[in-house]
Amino acid sequence: MSAIKDIKGIKRIDVKDIRDFVLAVLKAVNVREDIARLVTEGLLNASIRGVDSHGIRLLPHYISAVEAGRINPNPKYKFRRTAVSAGTLDADHTFGHAAGIEAMQKAMNMAEEAGTGHVAVYNSSHCGTSAFFALEAAKKDLIGFAFTHANALLNTPGSTRPFFGLNPIAIAVPCEGEEPFCYDSAPSVITWNKLLQLRQENMDAPLLSGADDGGMPTSNPHEITQLLPIGGYKGFGLAMIVDILCSLLTGMPAGRDIPDMYKTPLSQKRHLGQFYMAIKIDAFQPIDVFKKRMKKLMDDIRNEPRREEGVPIMVPGDPEKLIYSERIKNGIPVKEHDLTALKAVADRYRVKFIE
């Protein structure tokens, strides 16, 4: 893996070099090749689109989870079609990235036949960014939905402690002439992995994004033990909806019963649930007409009057598209502390690293 630039402790690394490195490390811990390739693409998808908190920096954690037994590197999926447009997938405790693509493919196949497809995944693990799965459907001219729950980190309004996780919702929609529209967001101002980044860098968290042990707002990342929901009860309600889909429909634990990603021993399975949906657009509207109207809708929003001339109006997914274009060309920036962690993994498994 070769560095392109080194500025202020940040190295720019070519996407291909990172892909080769991540794949080599996963194979070194005996992750099955098809699983390793999907995990690699899931991590890259996050890093290239600028969601660094869920990108390649998580590789050391995942490797430790494989070594300790939490993540199964060689799963035996069990898919059961339960209705014309519904099914369940036992992920056999493998990487959520790989299980999610497997589930979305099943949902897409059912959508092509029945108009919609829905797959509830159980016995899964952390899946990275939900956009990775929703975009898989949008690239095939379907509308994709992806949901996952997580351990309790979202403050319950009026309470001193969290109940639900930072349960994200992702929706991707194809459009004419550009990459799909993509909304992917947790019901909190920042993600937990973003908070961990802020702690590493000793930077304040955004105002009203986190709270301490007593539920009181604070910007000190070292005092934050829970994150605040966007819009109070509205964000909390969104998190609850996701838990209904990912816990109650999958049979997995809910709320405070979900094992913590970092604090729970890595030998313990997390039993996470995910829920994936696909909609066949031309079951409702001609696909070409829909994509043209989607493009116009996005452009009409972008062309609304600007409050500040130099600040563009964007729709969800626009910042990620800009970052994607820049990083594909110039490489992915990796911070020094992440490089150190990745190098430790490389040394341990004798995989070639950055020269």
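- Contact between A134 and A146 at its shortest, heavy atoms only, is N-CB, 4.2 Å.
- The number of heavy atoms from other shown groups lying within 6.0 Å of CZ (F163) is above 12.
- Listed here is the closest heavy atom pair of M294 and C175: CG-CB, 3.6 Å.
- The one candidate from L153, V189, I190 that meets the side chain to side chain contact (heavy atoms under 4.5 Å, CB included) condition with L227 is I190.
- Evaluation of the salt bridge (Lys or Arg N to Asp or Glu O under 4.0 Å) rule for R37 yields E33 as partners, not counting sequence neighbours.
- Salt-bridge formation is detected for the pair D299/R302: a Lys NZ or Arg NE/NH1/NH2 atom is positioned less than 4.0 Å from an Asp or Glu carboxylate oxygen.
- The distance from the CG atom of L342 to the NZ atom of K11 is 12.5 Å, given to the nearest 0.5 Å.
- Rounded to the nearest 0.5 Å, atoms NZ (K27) and CZ (R32) are 13.5 Å apart.
- Taking the side chain as every heavy atom from C-beta outward, V25 and F21 approach each other to under 4.5 Å.
- Both L142 and V119 sit in one connected hydrophobic cluster of ILVMFWY residues. Membership requires side-chain heavy atoms under 4.5 Å apart, directly or through other members.
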Can F290 and D141 be said to form a side-chain contact (heavy atoms from CB on, under 4.5 Å), step by step?
CA-CA 10 Å; F290 177 91; D141 281 346; over 6 Å; no
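- Note that CG of L23 and CG of L43 are 11.0 Å apart. Values are rounded to the nearest 0.5 Å.
- Considering OG of S125 and CG of N72, their distance stands at 9.5 Å, rounded to 0.5 Å.
- In this structure the side chain of T94 never reaches within 4.5 angstrom of the side chain of P73, judged on heavy atoms.
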R57 and D338: CA distance, side-chain angles, deciding distance, salt bridge (Lys or Arg N to Asp or Glu O under 4.0 Å) verdict:
CA-CA 6 Å; R57 69 182 300 272; D338 291 327; 3.6 Å; yes
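- For the residue pair D184 and A131, the shortest heavy atom distance occurs at OD2-N, 3.0 Å.
- Distance check, rounded to the nearest 0.5 Å: NZ of K280 to OG of S85 gives 13.0 Å.
- Here the shortest heavy-atom pairing between A170 and S130 reads CB-CB, 3.5 Å.
- Closest of all the heavy-atom pairs between A239 and L154 is CB-CD2, 3.6 Å.
- Residues R293 and E176 fail the side-chain proximity criterion, which asks for heavy atoms closer than 4.5 Å.
- Taking CE of M261 as the start and NE2 of H61 as the end, the distance is 3.5 Å to the nearest 0.5 Å.
- In this structure, I279 and F284 have side chains that are in contact, with non-hydrogen atoms separated by less than 4.5 Å.
- Counting only distance, with no hydrogens or angles, the side chain of S325 and the backbone of K321 share a donor-acceptor pair below 3.5 Å.
- Heavy-atom contacts from other residues, nucleotides or ligands closer than 6.0 Å to CZ of R256 number more than 12.
- With salt bridges taken as basic N to acidic carboxylate O contacts below 4.0 Å, none links K140 and E112.
- For residues 197-241, every residue pair satisfying the ring pair (Phe, Tyr, Trp, His ring centres under 6.0 Å) rule, not counting sequence neighbours, is listed here: F164-F236.
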Under the side-chain contact (heavy atoms from CB on, under 4.5 Å) rule, what do L26 and V22 come out as? Steps first, then yes or no, please.
CA-CA 6 Å; L26 290 169; V22 174; 3.9 Å; yes
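- H149 approaches V242 most closely through the heavy-atom pair N-CG1, 4.3 Å.
- If you check the side chains of Y62 and H126, you find a donor sitting under 3.5 Å from an acceptor.
- A salt bridge links R327 to D52: one of the charged nitrogens lies within less than 4.0 Å of a carboxylate oxygen.
- A chain of hydrophobic side-chain contacts below 4.5 Å, direct or via other Ile, Leu, Val, Met, Phe, Trp or Tyr residues, connects I171 to M277.
- Proximity of K106 to L89: side-chain heavy atoms (C-beta onward) are nowhere separated by under 4.5 Å.
- Looking at E179 and K139, no side-chain N of the basic residue comes within less than 4.0 Å of a carboxylate O on the acidic one, giving no salt bridge.
- Heavy-atom contacts from other residues, nucleotides or ligands closer than 6.0 Å to CE of M216 number 12 or fewer.
- For K16 and D14, the salt-bridge test fails: no basic side-chain N is under 4.0 Å from an acidic carboxylate O.
- For the pair D20 and K352, the salt-bridge criterion is not met [side-chain N within less than 4.0 Å of a carboxylate O].
- Under the 4.5 Å side-chain criterion, counting only non-hydrogen atoms from C-beta, R306 is in contact with P312.
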I would like to know whether E41 and R19 meet salt bridge (Lys or Arg N to Asp or Glu O under 4.0 Å); could you show each step before the answer?
CA-CA 8 Å; E41 293 309 312; R19 177 180 284 111; 2.7 Å; yes
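- Within a 6.0 Å radius of CE in M240, other residues, nucleotides and ligands contribute 12 heavy atoms or fewer.
- For the side chain to side chain contact (heavy atoms under 4.5 Å, CB included) criterion with I71, the lone passing option out of V39, V66, V31 is V66.
- With respect to K343 and D347, a salt bridge is recorded, a charged nitrogen being found less than 4.0 Å from a carboxylate O.
- Between D243 and N167, the side chains place a donor N or O and an acceptor N or O closer than 3.5 Å (distance only, hydrogens not considered).
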Stepwise, does the side-chain contact (heavy atoms from CB on, under 4.5 Å) test hold for S219 with L207?
CA-CA 6 Å; S219 295; L207 188 65; 4.2 Å; yes
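- D212 and T218 share no side-chain donor-acceptor pair at under 3.5 Å.
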Yes or no on side-chain contact (heavy atoms from CB on, under 4.5 Å) for I323 and E320, after CA distance, side-chain angles and deciding distance?
CA-CA 5 Å; I323 293 172; E320 290 83 357; 5.7 Å; no
